[in-house]
There are 2 protein chains.
Amino acid sequence: MRQKLSVIETRAWIGFVKSQQSVLEIVDNKFKAGGFPPLSWYDLLLELEKAKGGRLRQKELGELILLSKYNVSRLLDRLEKQGFIKREPCEEDTRGVFAVITPKGKKLRNKMWPVYYGSIKENFLSKFNEKELKQIIWLSERLVQFQISRFE
Amino acid sequence: MRQKLSVIETRAWIGFVKSQQSVLEIVDNKFKAGGFPPLSWYDLLLELEKAKGGRLRQKELGELILLSKYNVSRLLDRLEKQGFIKREPCEEDTRGVFAVITPKGKKLRNKMWPVYYGSIKENFLSKFNEKELKQIIWLSERLVQFQISRFE
DNA sequence: TATAGTTAGTTGCATATGCAACTACTATTT
DNA sequence: AAATAGTAGTTGCATATGCAACTAACTATA
């Protein structure tokens, strides 16, 4: 068997991997430059804010932001230490812990959003027209299935 | 100003970010499962092997694999410690250091390739036809410009 | 209801990454 | 040629991540 990729295949794979890497690096740098925490904090806060009651089990949270349980646990530690979230016991399942966004956390997310929005616009959306955005959706949903409700 | 993304914009952005994240996680897990080092090692070894004389200045290497200089330096430390690369002084610019792939490094890359190839095929290429791969190339090259020669 | 198996979350340890400061050199300006 | 600015690479320190082992609680089975 000739395990070799064609030129097209190669370029598609490399493009797929590196384009995301480059764009995300720019986004994270912009957060840093503004004195903000990294994108992962934003992601987490957003999921909490979207969730009913501003709270989620750590398990669910991890699935949403694609982070393993120990990383969720520690990310929450950092956010909790700074007062952006708090933990609450889970009544139905006493093993479980809810992460709840605090007013301070909401405020942080609100301040981060314009920066994030600017990055997305400038480094991603501005490069494509609507038809192309639909292609991107279509193509990426072939790879994985996400559940996306609303986002801002 | 209403800084809000449309549904299309949101789905495109999330899809773009998360699809790559998910696929790369699978790829890296497959390396791990086979007892291999992570993708970053493969990437580095590949660049060296492609380069003339099997060697590159650390600076150039960093640009190719999108890694900052201190990370290149340390990644090379790890590879060097295991004998997959060695460092050589640079004659023209005595500040510089060449990283050179060793026979052992080539052997490692060769053993990693079938695993990598399988992952790319299974988790990426198999989901698209040629027209779609071309779309991916086209779309990702809008975001960043890469120089890709050959790849395997 | 006792027992075994599973799941949610945390923690110690090893490794990886980021930042800033540092050394050693090259390039530029006067 | 001396002084200054810039570049390549390394390193100490702080933080982030991954793995495996752990606790505590839930679930299924006999």
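Per chain, numbering begins at 1; letters A, B, ... match sequence-line order.
With rounding to whole Å, N71(B) atom CG is found 13 Å from dT11(D) atom C1'. Per the geometry, CG belonging to D28(A) stands 17 Å off P belonging to dT15(D), to the nearest Å. Regarding K32(B), its NZ atom lies at a distance of 9 Å from the C1' atom of dC19(D), rounded to whole Å. Atom pair L24(B):CG and dT17(D):P shows a separation of 16 Å (rounding to whole Å applied). Atom NZ of K69(A) and atom C1' of dG18(D) are 12 Å apart (whole Å). One can place CG of L56(B) at 11 Å from P of dG9(D), the figure rounded to the nearest angstrom. Rounded to whole Å, the distance from CD on E25(B) to C1' on dG18(D) is 11 Å. What separates OH of Y70(A) from P of dC22(D) is a distance of 17 Å, to the nearest Å.
In this structure, Q20(B) contributes its side chain and V17(A) its backbone to a donor-acceptor pair below 3.5 Å.
You'll find that the side chain of R95(B) is closest to dT26(C), out of dA20(C), dT26(C), dC19(D). Each of dT17(D), dA25(D), dT10(C) was ranked by its minimum atom distance to the side chain of T94(A); first place goes to dA25(D). Checking dT11(D), dA8(D), dG12(C) against every side-chain atom of K59(B), the shortest atom distance belongs to dA8(D).
Each of L76(A) and R78(B) was matched to the nucleotide of DNA chain C holding its nearest heavy atom; the match closer to the 5' end belongs to L76(A). Looking at which nucleotide of DNA chain C each of V97(A) and S40(B) is closest to, the 5′-most match is held by V97(A).
Contact check, S73(A) against dT10(C): a side-chain N or O comes under 4.0 Å of OP1 or OP2.
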Derivation and outcome, side chain to side chain contact (heavy atoms under 4.5 Å, CB included), residues L66(B) and S22(A): CA-CA 8 Å; L66(B) 303 185; S22(A) 309; 3.8 Å; yes

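R74(A) comes within 4.0 angstrom of a base, heavy atoms only. When heavy atoms are screened at a 4.0 angstrom cut-off, D77(B) is found touching no nucleic acid atom at all.
By the 30° and 60° cut-offs, the orientation of the rings of Y116(B) relative to F31(B) is tilted. Between F16(A) and W13(A), the angle of the ring planes lies from 30° to 60°, which puts this pair in the tilted group.
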Between side-chain atoms of residues 96-106 of chain B and protein atoms elsewhere (two or more places apart, or another chain), which donor-acceptor pairs fall under 3.5 Å?
residue	atom	partner	partner atom	Å
T102(B)	OG1	G83(B)	O	2.7
T102(B)	OG1	F84(B)	O	3.0
T102(B)	OG1	K104(B)	N	3.4
T102(B)	OG1	G105(B)	N	3.0
K104(B)	NZ	Q82(B)	O	2.6

